[in-house]
J.: 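Below: one structure in structure tokens.
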Number of protein chains: 2
Amino acid sequence: MENAISILRRCGMQPTPQRIAVVDSVFKTTAHPSAEEVLKNVRKDCPTLSRATVYNTLNLLVEKGLLKAQVLKEGSVVFDPNIQRHHHFVDEDSGQIYDVPWDTFKVPPIDSLPDYEITEVQVVVRGRKKRK
Amino acid sequence: MENAISILRRCGMQPTPQRIAVVDSVFKTTAHPSAEEVLKNVRKDCPTLSRATVYNTLNLLVEKGLLKAQVLKEGSVVFDPNIQRHHHFVDEDSGQIYDVPWDTFKVPPIDSLPDYEITEVQVVVRGRKKRK
DNA sequence: GTCTTAATTTAGACTATGTCAAGATAGAAT
DNA sequence: ATTCTATCTTGACATAGTCTAAATTAAGAC
């Protein structure tokens with residue numbers, strides 16, 4: 001993983017200890033954490049970290065395009081460091097979210113919405129583990 | 001639209017005035033309302049309707065399979081009376097959600113997750129109106 | 001180093017969505 | 001009429017997220 005400090009520098013954010021900790025937490029996982037989960041994780045090392053700082057940092061990173069906010073599960077937005085286009089699989093029992101490679105599905109270009117600018121297309125697959 | 005009373009009867013729920021009003025509101029629209037929006041709508045006619053009754057009724061209808069809960073926008077689940085499989089387009093500015101016919105996309109069967117039971121597959125398209 | 005200013009962080013208040021339990025109410029059955 | 005069950009309401013609670021004002025921290029000028 002790229003250095004947290006250089007990620008922050010790259011988008012013109014001062015690399016404070018709080019931000020470094022948030023970036024470390026969210027960029028080193030593929031678990032699609034919510035802001036509250038990031039807060040809980042980072043507070044283990046940095047107990048005074050405030051909720052507002054986590055939300056500010058994550059939202060700034062989304063604005064800068066280094067992180068993608070995804071609406072995939074009930075109750076909270078999750079954050080995805082994978083900004084290449086891809087699909088998602090959601091385990092409806094555990095809530096776990098997995099990336100699905102882009103070329104798993106052939107999504108044709110959308111020509112039927114000429115006065116809209118399409119910002120995102122993805123296939124969302126939901127399912128649960130079979131019990132044998 | 002099918003009669004609200006018969007919708008309720010069909011899934012073994014007593015057709016009380018509150019439930020009839022909720023069913024009327026959510027089945028006669030294609031606007032994908034949230035529970036809070038349903039509450040607000042129905043309260044115009046039935047001001048004593050409680051929040052819990054709306055949530056109970058909507059969740060019961062989802063359990064019975066007459067309504068589908070969709071996680072498509074930040075902050076709240078929306079309810080969709082269209083239970084045939086289809087895709088969705090989300091206007092990221094207005095928050096409006098539109099149904100997209102199933103055969104707009106060719107989604108191949110998913111063979112790569114043999115120990116999962118797939119409960120839902122849909123393409124989610126997001127975009128915003130072009131300003132000319 | 002000190003001062004000034006700008007950026008950042010913090011705590012806490014606040015709002016919105018959603019759940020839950022306890023009591024009140026209404027219907028149906030006897 | 002009485003009982004049993006289903007439903008509804010109120011209000012408390014939980015969680016996600018935003019906002020603000022004050023405190024901290026860092027940066028730049030001198």
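The chains referred to below are lettered A, B, ... by the order of the sequence lines, with proteins before strands, and numbering in each begins at 1.
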J.: Can you measure B:F79 atom CZ to C:dG18 atom P for me and round it to whole angstrom units?
T.: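 In whole Å, C:dG18 P and B:F79 CZ are 7 Å from each other.
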
J.: Under 3.5 Å, is there a donor-acceptor pair linking the side chains of B:H88 and B:Q122?
T.: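 Present: a donor and an acceptor within the cut-off.
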
J.: Need to verify one output field. Residue with the more 5' nearest nucleotide on DNA chain C, B:N59 or B:Q14?
T.: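 Here B:N59 is the residue nearer the 5' end.
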
J.: If I take atom CG in residue A:L39 and atom C1' in nucleotide D:dT18, what distance separates them, rounded to the nearest angstrom?
T.: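 Result: 14 Å.
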
J.: Would you kindly give the CD-to-C1' distance between A:E74 and C:dT17, to the nearest whole Å?
T.: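 The answer, rounded to whole Å, is 10 Å.
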
J.: Which of these nucleotides, C:dA11, D:dT9, D:dG17, is closest to any side-chain atom of A:S50?
T.: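 Looking only at side-chain atoms, A:S50 lies closest to C:dA11.
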
J.: CD of A:E36 versus P of C:dA16: gap in Å, rounded?
T.: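 Nearest whole value for this atom pair: 18 Å.
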
J.: To the nearest Å, give me how far apart CZ (B:R51) and P (C:dT17) are.
T.: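 Rounding to the nearest Å, CZ of B:R51 and P of C:dT17 are 8 Å apart.
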
J.: Between C:dG18, D:dG17, D:dC8, spot the one nearest the side chain of B:Q18, thanks.
T.: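 Per side-chain heavy atoms of B:Q18, the pick is D:dC8.
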
J.: Starting at CG of B:D24, measure out to SG of B:C46 and round the result to the nearest 0.5 Å.
T.: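 With rounding to 0.5 Å, CG (B:D24) is 11.5 Å from SG (B:C46).
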
J.: Could you please name the option among C:dT19, C:dT8, D:dA16 that lies closest to any side-chain atom of A:T16?
T.: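 Shortest atom-to-atom distance from the side chain points to C:dT8.
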
J.: Please report the interatomic distance CZ(A:R126) to CG(A:L72), rounded to the nearest 0.5 Å.
T.: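 These two atoms lie 6.5 Å from each other.
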
J.: Take atom NZ of A:K40 and atom P of D:dA14, then tell me their distance rounded to the nearest Å.
T.: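 About 16 Å, once rounded to whole Å.
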
J.: Under 4.0 Å between any heavy atoms, over every strand shown, what does B:S34 touch: base, sugar-phosphate, or nothing? Just pick one.
T.: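 No contact at all - B:S34 keeps every heavy atom at 4.0 Å or more from the nucleic acid.
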
J.: Expressed in angstrom and rounded to an integer, what is the separation of A:Y55 atom OH from C:dT10 atom C1'?
T.: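 So the two atoms are 16 Å apart, to the nearest Å.
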
J.: Provide, to the nearest angstrom, the distance between the CG atom belonging to A:L49 and the C1' atom belonging to C:dT9.
T.: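 Spelled out: CG on A:L49 to C1' on C:dT9 is 9 Å.
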
J.: Of the nucleotides C:dT9, C:dT19, D:dT20, which one has an atom closest to the side chain of A:A52?
T.: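 Of all the options, the side chain of A:A52 is nearest to D:dT20.
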
J.: Using a 4.0 Å heavy-atom cut-off across all strands, classify B:T53 as base, sugar-phosphate, or nothing.
T.: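 Here B:T53 touches the bases of the nucleic acid.
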
J.: Return the orientation label for the A:W102 and A:H87 ring planes: parallel under 30°, perpendicular over 60°, tilted otherwise.
T.: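 Taking A:H87 first and then A:W102, their aromatic rings lie parallel (interplane angle under 30°).
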
J.: Do the side-chain N and O atoms of B:Y116 and A:E92 include a donor-acceptor pair separated by under 3.5 angstrom?
T.: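 On atom types as modelled, these side chains do not qualify, holding no pair under 3.5 Å.
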
J.: Touch check for B:R19, heavy atoms < 4.0 angstrom, all strands: base, sugar-phosphate only, or nothing?
T.: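 If one applies the 4.0 Å heavy-atom cut-off, B:R19 turns out to touch the sugar-phosphate alone, with no base involved.
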
J.: C:dG18, C:dT9, D:dA16: which one has an atom nearest the side-chain heavy atoms of A:N56?
T.: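 Ranking C:dG18, C:dT9, D:dA16 by closest atom to the A:N56 side chain puts C:dT9 first.
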
